[in-house]
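Note on naming: letters A, B, ... go to the chains in the order of the sequence lines (proteins, then strands), and numbering restarts at 1 for each one. Quick caveat: nothing in here was measured; it's all calculated off a predicted structure. Values below: every heavy atom of this structure, side chains too, minus hydrogens, waters and symmetry copies.
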Number of protein chains: 2
Amino acid sequence: MSGDPLEHQKPGSSNEITPARRHRARRGEGEQLREDILEAAERLLIETGDKNAVSIRAVARTVGVTPPSIYLHFTDKNELLFQACQVHWKRFDAHIRNATKGIDDPVERIAACGRAYIEFGLANPEHYRILFMSKPDEQPSHTDVQQLLLDSGFTRLFQAISEAVERDQIVGDPGLIVFHCWSVVHGLTSLLISHPDLPWPDREVLTKHLLETSMRGLAPDRSSPDHQ
Amino acid sequence: MSGDPLEHQKPGSSNEITPARRHRARRGEGEQLREDILEAAERLLIETGDKNAVSIRAVARTVGVTPPSIYLHFTDKNELLFQACQVHWKRFDAHIRNATKGIDDPVERIAACGRAYIEFGLANPEHYRILFMSKPDEQPSHTDVQQLLLDSGFTRLFQAISEAVERDQIVGDPGLIVFHCWSVVHGLTSLLISHPDLPWPDREVLTKHLLETSMRGLAPDRSSPDHQ
DNA sequence: TGTACATCAGTGAACGCGCGTTCACTGATGTAC
DNA sequence: TGTACATCAGTGAACGCGCGTTCACTGATGTAC
């Protein structure tokens with residue numbers, strides 16, 4: 001608050017995150033701040049684990065800049081949050097792509113997709129909360145979020161399912177099954193995030209059970225005459 | 001804000017909910033306010049659909065009383081919210097008990113449980129959010145919430161599953177299966193609540209598919225020699 | 001090489017808001033004598 | 001039946017907080033002449 005750049009950080013202020021010591025950007029390098037703001041939003045999210053902690057003022061504090069500076073790069077708070085979300089979507093998508101890469105068997109690919117999904121969600125619970133558990137009206141720019149959702153791992157999953165159906169490895173309408181599968185993995189992920197202290201069975205064992213049993217339910221009836 | 005009791009409600013104040021015209025309780029009838037406060041919290045939750053709208057001040061406004069009056073009956077905001085939650089738990093439990101009452105076949109009871117669960121969640125999305133989708137540290141009195149959870153429909157589900165396993169209608173560890181089943185119904189419910197505008201398949205069809213396929217996955221292997 | 005000037009990258013102070021909570025109080029109502 | 005008094009059911013004003021956003025500004029830096 002004092003103009004003296006050498007003054008130390010005020011001690012109080014509870015939730016304070018290491019404040020940056022910032023030098024004014026040189027001319028033409030103003031865009032650097034934009035990156036720093038997004039990175040700060042990310043840090044706040046992870047370190048406090050609280051979406052409400054990501055306020056304009058807190059982000060500014062973290063970057064080491066005054067609140068009005070944020071408005072040089074984002075029109076308002078919603079836009080800032082949305083931009084921050086986009087970063088996560090890309091990571092989420094990349095993680096799933098990575099986990100399914102090179103798997104030819106579509107059923108195995110579906111399972112790998114599920115495992116990667118749960119893994120990523122539990123590793124980044126706050127991000128997961130924002131992406132999948134927020135209220136519709138807290139999701140900035142409704143349609144954009146939908147687009148992101150449908151563009152990413154969802155599509156990859158849908159393709160694997162369609163392929164598995166074509167090969168008669170599973171039966172049913174892919175348009176139904178994709179929402180079914182999503183429900184299953186989302187259910188486990190989000191319950192573990194919201195109620196971590198319940199007497200859960202071993203996480204690995206439960207995940208395995210969930211995925212295997214689900215695929216079993218989707219498999220063709222082995223006792224039916226046209227099988228085998 | 002004016003002391004004149006005949007003054008009309010101020011027009012502005014955006015989210016205002018019909019304010020009560022309250023008469024001071026007679027001596028010995030002070031407990032009535034407690035009920036009214038809980039009811040007001042309920043109304044705010046439902047009518048605004050926003051948990052943050054349930055502030056001490058908003059509740060007081062709705063009841064038609066000043067904020068300090070709340071403290072005559074609840075020690076702080078957390079306690080108020082928790083008490084309000086308890087009301088919902090009872091309803092949730094009653095709904096499930098009602099839906100499964102008189103069903104002898106345990107597998108059918110499990111499915112009925114699932115249907116009732118999804119039904120109740122979607123009919124009371126804000127309550128569902130609080131009960132099952134809040135952050136652990138926003139759940140007032142951690143252990144109490146856990147207790148409520150385990151006391152209610154969860155136990156009913158567990159019993160049905162154990163019974164089905166004993167009768168060889170489904171296979172596996174009931175302690176695993178109960179979390180599996182919960183994940184499945186919670187997944188669908190919470191996704192529909194968080195992302196209502198996605199291109200969802202017909203809700204009835206999807207629910208049916210989800211429940212039937214899940215039970216199918218849990219059923220004994222029909223091609224195995226010790227069956228039939 | 002020197003200087004006026006435009007532009008860029010921010011700052012500092014303030015706005016009005018709603019929040020949870022505390023404090024000293026008030027006024028109606030029932031009760032003891 | 002009358003009156004002093006304790007108690008109950010609240011009120012009114014204030015505390016300090018953090019928030020999003022706006023506004024007029026400043027000072028360093030590059031550029032045109």
Contacts of A:Glu119 that satisfy salt bridge (charged side-chain N to carboxylate O under 4.0 Å, His left out) - sequence neighbours left out: none
Kindly write out the residues that satisfy ring pair (Phe, Tyr, Trp, His ring centres under 6.0 Å) with B:His73, not counting sequence neighbours, or none if the list is empty. none
Which letter, B, S or -, goes with each nucleotide of nucleotides 26-33 of chain C from 5' to 3', with contact meaning a protein heavy atom under 4.0 Å? -B-BB---
So how far off straight is the helix from C:dG2-D:dC33 to C:dC33-D:dG2, going by the axes through five pairs at either end, to 10°? 20°
Can you name the side-chain hydrogen bond (donor to acceptor under 3.5 Å, both in side chains) partners of B:Thr207, sequence neighbours left out? none
Can you list everything that forms a side-chain hydrogen bond (donor to acceptor under 3.5 Å, both in side chains) with B:Thr155? Sequence neighbours excluded, please. none
With A:His180, which residues qualify under side-chain hydrogen bond (donor to acceptor under 3.5 Å, both in side chains), at least two apart? B:His209
Can you list the residues that meet the ring pair (Phe, Tyr, Trp, His ring centres under 6.0 Å) rule with A:Phe154, with sequence neighbours excluded? A:Phe179, A:Trp182
Using ring pair (Phe, Tyr, Trp, His ring centres under 6.0 Å) as the criterion, list what pairs up with A:Tyr128, not counting sequence neighbours. A:Tyr117, A:Phe132, A:His186
Please identify each residue that fulfils salt bridge (charged side-chain N to carboxylate O under 4.0 Å, His left out) with B:Glu212, with sequence neighbours left out. B:Lys208
Among residues 28-39 of chain B, which residues get a heavy atom nearer than 4.0 Å to DNA chain D? B:Gly28, B:Glu29, B:Gly30, B:Leu33
Partners meeting side-chain hydrogen bond (donor to acceptor under 3.5 Å, both in side chains) with A:Glu42 (sequence neighbours left out): A:His88, A:Arg91
